[in-house]
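Here's the structure, in structure tokens; my notes come after.
Note that the coordinates shown come from a computational prediction; the quantities given were computed from them, not determined experimentally.
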Amino acid sequence: MRNLICLSVVLFAMSVNAQNIEKADTVTNVKDVSNVVITEVDGGVNVQIKGLGEDKDYEYTYRHDVKPDSKVSVSQDWELKLPFTKSSDKKEHKPERWAVVSGGFYMGFNSVVGESVDMGMKMGKSLEFAWDRIIAVRYRPFGKGFNLSLGFGIGGKQFTITESMSRFVGDKNGVELGAYPEGVYPKDSKLNVFSLRVPLNVRQKIGDDFSVSASAIMNFNTNATIKTAYITENDVKIEESFKGAPVRKVSFDLMAALNYKCVGVYVKYSPQSIFESGKGPDFKALTVGFGFSL
């Protein structure tokens with residue numbers, strides 16, 4: 001530590017006799033010091049100094065012997081606080097009970113369960129993207145370990161029928177599974193649902209790195225589009241689409257996740273049919289995927 005007089009004096013207040021008080025003298029002055037060791041051995045005091053910087057090759061050892069009936073007092077004249085060290089009298093930081101947070105960004109693959117499982121939907125091409133907690137309020141009732149949050153986010157689910165002679169057909173009043181026109185090559189038929197989401201998330205830490213969470217998510221499905229593509233005999237690609245497919249306006253999802261630090265995997269189940277009752281194929285969604293801060 002530069003410009004610090006290390007052992008400005010190693011002050012020894014010694015009372016050899018009750019009547020004789022001997023003043024301490026400056027023994028040595030080293031400006032750059034890496035290490036100072038003071039030990040009491042065999043009735044005396046031993047001081048060892050090692051240099052730093054310009055004085056890195058400097059070593060000095062001082063020994064002072066006292067009589068057995070003498071008193072030796074050694075004191076440090078400055079308060080030294082080293083960087084990157086914890087203070088013993090500092091209180092441990094406790095996380096705030098209330099906080100505004102963000103998280104729940106993930107991607108998944110949709111499969112279907114229900115009466116229409118044979119409609120030719122491919123899980124690898126039926127995707128979900130979401131940012132469930134663009135902003136959320138988090139509460140820690142016990143200080144740490146366990147927390148719950150209520151947030152707001154967005155997301156979208158896509159259900160794709162591919163390599164099948166079935167497709168989504170219909171309008172705003174109703175959708176069903178129908179056949180492609182004769183003589184065409186089917187490409188795919190997609191249902192895209194966009195929603196505003198309000199998730200209630202509960203999380204519990206397991207050790208320092210792992211955590212588990214469970215969420216109940218309310219979806220306000222604001223837009224649903226059906227798009228079908230096929231190729232004619234003349235190699236012309238035809239696309240047909242319409243907006244306003246009759247999906248449920250409000251739906252619920254149940255989600256469970258396992259996190260390692262900020263990365264996690266999840267499984268999600270939609271217990272309600274995607275379409276409104278009687279207005280479309282009866283199927284529910286089961287999704288698995290991965291994401292961040294689930």
Side-chain angles (χ1 to χ4, degrees), residues 104 106-132 153-182 184-200 214-230 238-257 265-291 294:
Y106 54 87
M107 169 186 173
F109 302 91
N110 297 315
S111 62
V112 297
V113 293
E115 297 179 3
S116 303
V117 295
D118 59 344
M119 62 188 196
M121 189 170 295
K122 299 298 181 181
M123 183 177 182
K125 295 185 178 182
S126 299
L127 306 178
E128 175 185 35
F129 293 94
W131 188 0
D132 272 358
I154 59 175
K157 292 181 179 181
Q158 181 184 92
F159 301 93
T160 303
I161 302 174
T162 184
E163 298 177 0
S164 170
M165 295 306 296
S166 296
R167 62 170 180 160
F168 294 114
V169 295
D171 53 29
K172 297 180 180 180
N173 298 316
V175 173
E176 62 182 4
L177 294 176
Y180 284 88
E182 292 185 5
V184 303
Y185 177 77
K187 194 172 185 299
D188 54 41
S189 185
K190 300 177 180 178
L191 168 65
N192 294 289
V193 182
F194 177 82
S195 59
L196 304 177
R197 301 185 174 186
V198 179
L200 176 63
S215 301
I217 305 169
M218 178 182 289
N219 306 297
F220 296 93
N221 302 312
T222 60
N223 186 34
T225 302
I226 286 179
K227 182 178 180 180
T228 300
Y230 56 89
I238 304 296
E239 292 184 350
E240 300 174 353
S241 65
F242 71 91
K243 297 181 179 179
V247 299
R248 290 181 181 271
K249 298 299 185 289
V250 179
S251 61
F252 297 90
D253 292 336
L254 300 176
M255 177 175 170
V265 293
Y266 77 94
V267 59
K268 178 189 286 188
Y269 177 61
S270 302
Q272 299 168 299
S273 175
I274 303 300
F275 287 96
E276 294 180 1
S277 179
K279 294 186 178 182
D282 183 14
F283 67 90
K284 304 174 181 63
L286 180 65
T287 309
V288 295
F290 60 93
L294 301 178

Answer yes or no: is there a side-chain heavy-atom contact under 4.5 Å between [X] and [Y]?
| X | Y | value |
| --- | --- | --- |
| Val175 | Phe242 | yes |
| Thr225 | Phe194 | no |
| Met255 | Pro199 | no |
| Glu128 | Tyr106 | yes |
| Asn192 | Asn223 | no |
| Gln158 | Lys125 | no |
| Met123 | Val288 | yes |
| Leu127 | Met107 | yes |

Locate the shortest heavy-atom distance separating Pro186 from Ser164; write the atom from each residue and the value.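 That would be CB-O, 3.5 Å.
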Looking at [Y], is its backbone amide N or carbonyl O close enough to the side chain of [X] to form a donor-acceptor pair, meaning the two atoms are under 3.5 Å apart?
| X | Y | result |
| --- | --- | --- |
| Asp132 | Gly153 | no |
| Ser195 | Arg197 | no |
| Glu176 | Gly170 | no |
| Ser126 | Thr160 | yes |
| Arg248 | Ile274 | no |
| Ser273 | Asp282 | no |

So, taking the atom named CD1 in Ile154 and the one named CG in Leu196, what distance separates them when rounded to the nearest 0.5 Å?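 Atom-to-atom, Ile154:CD1 and Leu196:CG are 8.0 Å apart.
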Nearest-0.5 Å distance that lies between atom NZ in Lys187 and atom OG1 in Thr162: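 Lys187 atom NZ to Thr162 atom OG1 measures 7.5 Å (nearest 0.5 Å).
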Please identify which of these residues, Asn110, Asn219, Asp253, meets the side chain to side chain donor-acceptor pair (under 3.5 Å) condition with Ser270.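 Answer after filtering Asn110, Asn219, Asp253: Asp253.
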Do the two ring centres, one from Phe159 and one from Phe283, sit under 6.0 Å apart?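 Centroid distance Phe159-Phe283: below 6.0 Å, so yes.
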Assign the ring pair Phe275 / Phe168 to parallel, tilted or perpendicular, where the plane angle (0 to 90°) is split at 30° and 60°.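 Answer is tilted, since the angle falls between 30° and 60°.
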